[in-house]
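Here the structure is laid out as structure tokens; the discussion comes afterwards.
The figures that follow rest on heavy atoms only: side chains count, while hydrogens, waters and symmetry mates do not. Chain letters run A, B, ... following the sequence lines, proteins first, then strands; residues in each count from 1. Treat the numbers as computed from the prediction; the structure is a model and nothing was measured.
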Number of protein chains: 4
Amino acid sequence: MSSLRTRTPAAPKPAPVATHAARQRERILEAAEKCFIESGFHAASMAHIADTAGISAGLIYRYFDSKALIVKAIIERHLETDGTCAIDWLNSPEDLCDAMLDLFESWQRGDDPKMNAGLFLDLTAECTRDPQIARVVRDKDRLVGDGLAQVVRRIARARGVMLKSAAARERADVLQCLMEGLASRVVRDPKLRRSTLKPMLEKIMAVLLA
Amino acid sequence: MSSLRTRTPAAPKPAPVATHAARQRERILEAAEKCFIESGFHAASMAHIADTAGISAGLIYRYFDSKALIVKAIIERHLETDGTCAIDWLNSPEDLCDAMLDLFESWQRGDDPKMNAGLFLDLTAECTRDPQIARVVRDKDRLVGDGLAQVVRRIARARGVMLKSAAARERADVLQCLMEGLASRVVRDPKLRRSTLKPMLEKIMAVLLA
Amino acid sequence: MSSLRTRTPAAPKPAPVATHAARQRERILEAAEKCFIESGFHAASMAHIADTAGISAGLIYRYFDSKALIVKAIIERHLETDGTCAIDWLNSPEDLCDAMLDLFESWQRGDDPKMNAGLFLDLTAECTRDPQIARVVRDKDRLVGDGLAQVVRRIARARGVMLKSAAARERADVLQCLMEGLASRVVRDPKLRRSTLKPMLEKIMAVLLA
Amino acid sequence: MSSLRTRTPAAPKPAPVATHAARQRERILEAAEKCFIESGFHAASMAHIADTAGISAGLIYRYFDSKALIVKAIIERHLETDGTCAIDWLNSPEDLCDAMLDLFESWQRGDDPKMNAGLFLDLTAECTRDPQIARVVRDKDRLVGDGLAQVVRRIARARGVMLKSAAARERADVLQCLMEGLASRVVRDPKLRRSTLKPMLEKIMAVLLA
DNA sequence: AATGAATGAGCCTTCATTCAT
DNA sequence: AATGAATGAAGGCTCATTCAT
């Protein structure tokens, strides 16, 4: 995961012809997301999801064959959201730093149902146990890493530094590590402020992108 | 949480007179830990824990009133272990860097029965849902942060830099963030190598402790 | 049941003015039959029947008030079909023997959508539980038995033996027993061949019709 | 299946040390048998079985891992009962005839929980759908057929007739057919009497064993 | 007449917890 | 102190049936 929110809003979805079925699926996913955030993947019950969606439990199965598939859909939605946001705007260490801090604040506010720190941690932990989930997550993770490496390279180049592929990768890995560490920090230290993180993060960015 | 393993083994406990009850509790907790690591907090069943501990399911309830209390006890045990390890050995940015990379490798090997990346993520995620757990974790988290801040200060001072308390805190926060991000990285990118992380981590340490 | 297929095709129904409703009912029954044969009375779902019939699930209820009534209708249809086939062609023990072996082979091939060994067994077993079904089946069973008794008498008479009603009955009962036993044999011993059965069956027929 | 009840009671089981667990298993199986007879394999619910056994639904799972395994156990019990009864007593066509009629009456009375006509039919029908059940049933069926073939040969030999293996098999197949037909007859014609069947059955036996 | 979305009861199964021994 | 049998409340899922359109 580790999505980078930027200032560009994602382009509006191209499928405005929302059939009833599509709308129902969406409703269920939204309810599921709420429940998963609230109780975790395992503890959230189908009944609870159905309640939250305002439908009967049985109806869910018209749209998803199993709870596992809902989980999978949620995960994929998360991963899609990730990286779909243009990274092209990140043109300087400062941009990258801001993007990370924006992500931090979004997690802290917890108002983005698509990207929630608790869910992110759950999801990551789940990789330890469910190989299918692990595969999906890791596949996406690699893409995100590649994206970050490119950004790193581009920014470095803009500053006159030519990074080898391996060097960019090293930087991207540490960036991912930092970003994902933020999820943990958000949960474990609710009082942490953007302003506290900013100074050192800026220095680190400068180092990573020089 | 985010324990820093150093070369000094923790001093042996002051050898309390281990009553039978205390020994039983310990056995149960150890078994529970194994099971939680294996299956996660929710999926681990009392029966499995009892089996692992080599006792009957019913007996657990003589020592713990509920599964939730075992979870809590496990967490508290973790947190005690944490930081009990002397941080005094960390005397340079390099030391700190090595300590972090050691932690990374230990997580990657998954051979430390007391701290496991999956469990760490689970535990952190659980804070989102269980306020009681959140409290315990955050209390301890603060202590760890304080410890780190001291280390930072000490190392900086050794290098001739006097850091204000707030400045040390900023650095400690980012350090924690990095360490915890490693848990996520270990799970999400099983192929990540210590050698890949090392170069940039060293640079970062240099920045943070300068 | 235990229908005796003979070489004469049943006379075409008097061509009733097939209303739309009647045609729909027929479609549903045919689909249901297919499904029941495929999965048994209980396991066949209304959804599957609807699919097979090429109509919506809800529509079935315009024509049948419940699944149980479909089962009943299927049974009644079976029983109607049964015995409607002329038994007049059976004029010798050999004819009867052949007819039974034909039935055996038809069951073995399983290509008769109207009568299937598994369904026959299911249906019979159901009599044990559903009194309504039991009544229908038993009523029809009596008719089949009567028909058989007549055939027996006729054949015997043709061979110069005058059988009393009770004597014909005894023979008819054993014939039914044999025929129905074939259903069981077909299912339990898929390797059984017509040629294996023929010799002894012929001898038995000779005894029964002498 | 198609058990041949003879006058010899089965030897008492050699395991009088009935552990609690063994007794519970037996209780459950007995309850299950009752329920299966009452409602069929599919329609009988675990809750109903538990009720009948006078225990909680969950407890069943301490003794059987799944409903399917209960079904399997019931089937195997049935099949064991079969043929365990000594066939050595059958020394004449009359003996065989009586044994068959005894079986008929036992089915008709429905007082033998281990061998019930409805269950027999259900079980046979189930072979059509469940390959695992089919295998078990057919394996046993072959044994029963072999046993019958031996009996046939022995009786024939006692009467001075030497039957080839294939000839004995032909007779055994028809015997099985007749016996299994009786299950159907019992269910479909509750008024059928032993005395009605006896005369023709005797003649048939004479033919089969001559 | 027809659809198919929606419901809700019921099914099999698991598991934390209790209790008689 | 210890066992492990027993319970009962969910949990995920299916399916006959109903209903708005």
Side-chain angles (χ1 to χ4, degrees), chain A residues 19-21 23-25 27 39 42-50 53-71, chain B residues 19-21 23-24 42-51 53-71, chain C residues 19-21 23-24 42-51 53-71, chain D residues 19-21 23-25 27 39 42-50 53-71:
Chain A
T19 62
H20 176 67
R23 258 180 287 122
Q24 288 287 68
R25 268 185 69 97
R27 249 179 105 183
S39 344
H42 289 94
S45 78
M46 292 299 268
H48 190 199
I49 294 174
I55 63 179
S56 71
L59 187 53
I60 293 185
Y61 288 86
R62 177 177 286 277
Y63 300 99
F64 294 92
D65 281 342
S66 71
K67 186 183 174 182
L69 287 182
I70 297 186
V71 172
Chain B
T19 62
H20 176 68
R23 260 181 285 122
Q24 288 288 64
H42 291 96
S45 76
M46 291 297 267
H48 190 11
I49 295 174
D51 259 19
I55 63 177
S56 72
L59 189 53
I60 293 186
Y61 287 83
R62 184 173 286 277
Y63 300 100
F64 295 92
D65 281 343
S66 74
K67 188 180 174 183
L69 288 182
I70 297 187
V71 172
Chain C
T19 61
H20 176 68
R23 258 182 286 122
Q24 288 287 64
H42 291 96
S45 77
M46 293 296 268
H48 190 11
I49 294 174
D51 259 20
I55 63 177
S56 72
L59 189 51
I60 294 187
Y61 286 84
R62 184 173 287 276
Y63 300 100
F64 295 92
D65 281 343
S66 73
K67 187 182 175 182
L69 287 183
I70 297 188
V71 172
Chain D
T19 61
H20 176 68
R23 259 181 285 124
Q24 287 288 66
R25 267 185 71 97
R27 249 177 106 181
S39 345
H42 289 94
S45 77
M46 290 300 267
H48 189 199
I49 294 174
I55 61 179
S56 72
L59 187 52
I60 294 186
Y61 288 85
R62 177 177 285 276
Y63 301 100
F64 295 91
D65 281 342
S66 72
K67 186 183 175 182
L69 287 183
I70 297 186
V71 172

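Between D/Gly54 and B/Gly58, it is B/Gly58 whose nearest contact on DNA chain F lies nearer the 5' terminus. DNA chain F is contacted by both D/Leu59 and C/His42; D/Leu59 maps to the nucleotide lying nearer its 5′ end (nearest heavy atom per residue). Along DNA chain E, the nucleotide closest to D/Ala47 and the one closest to A/Ile60 are compared, and the more 5′ of them pairs with A/Ile60.
Counting non-hydrogen atoms under 4.0 angstrom, B/Ser45 reaches the backbone sugars and phosphates but no base. At a threshold of 4.0 angstrom between heavy atoms, the contacts of D/Ala44 are confined to the sugar-phosphate backbone, with no base atom among them.
Stems are defined here as 3 or more consecutive Watson-Crick or G-U wobble pairs with pairing distances under 3.5 Å; those involving DNA chain E are E:2-21 with F:2-21.
Taken to the nearest 0.5 Å, the CZ atom of A/Arg27 stands 14.0 Å off from the CD1 atom of A/Ile49.
When all heavy atoms of A/Ala43 and A/Ser39 are compared, the pair lying nearest together is CB-O, 3.1 Å.
By the side-chain contact (heavy atoms from CB on, under 4.5 Å) test, C/Arg62 pairs with C/Leu59, sequence neighbours left out. Looking at residues two or more places apart in sequence or on another chain, you find a side-chain contact (heavy atoms from CB on, under 4.5 Å) between A/Ser45 and A/Ala47, A/His48. With sequence neighbours excluded, the residues satisfying side-chain contact (heavy atoms from CB on, under 4.5 Å) with A/Ala57 are A/Ala50.
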Could you give the side-chain donor-acceptor pairs of residues 63-71 of chain D under 3.5 Å, partners two or more places apart or in another chain?
{"residue": "D/Ser66", "atom": "OG", "partner": "D/Ala68", "partner atom": "N", "Å": "3.4"}
{"residue": "D/Ser66", "atom": "OG", "partner": "D/Leu69", "partner atom": "N", "Å": "3.2"}
{"residue": "D/Lys67", "atom": "NZ", "partner": "D/Phe41", "partner atom": "O", "Å": "3.3"}
{"residue": "D/Lys67", "atom": "NZ", "partner": "D/His42", "partner atom": "O", "Å": "3.3"}
{"residue": "D/Lys67", "atom": "NZ", "partner": "D/Ala44", "partner atom": "O", "Å": "2.6"}

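Once you apply a 4.0 Å limit to the heavy atoms of chain C, the touched nucleotides of DNA chain E run 5' to 3' over E/dA1 to E/dG4.
The separation between C/His48 atom NE2 and F/dA16 atom C1' is 16 Å, rounded to whole Å. Across the protein-nucleic acid pair, A/Tyr61 atom OH and F/dA16 atom C1' stand 18 Å apart, rounded to whole Å.
Residues from residues 62-70 of chain A placing a heavy atom under 4.0 Å of any atom in DNA chain E, listed by number, are A/Arg62, A/Tyr63.
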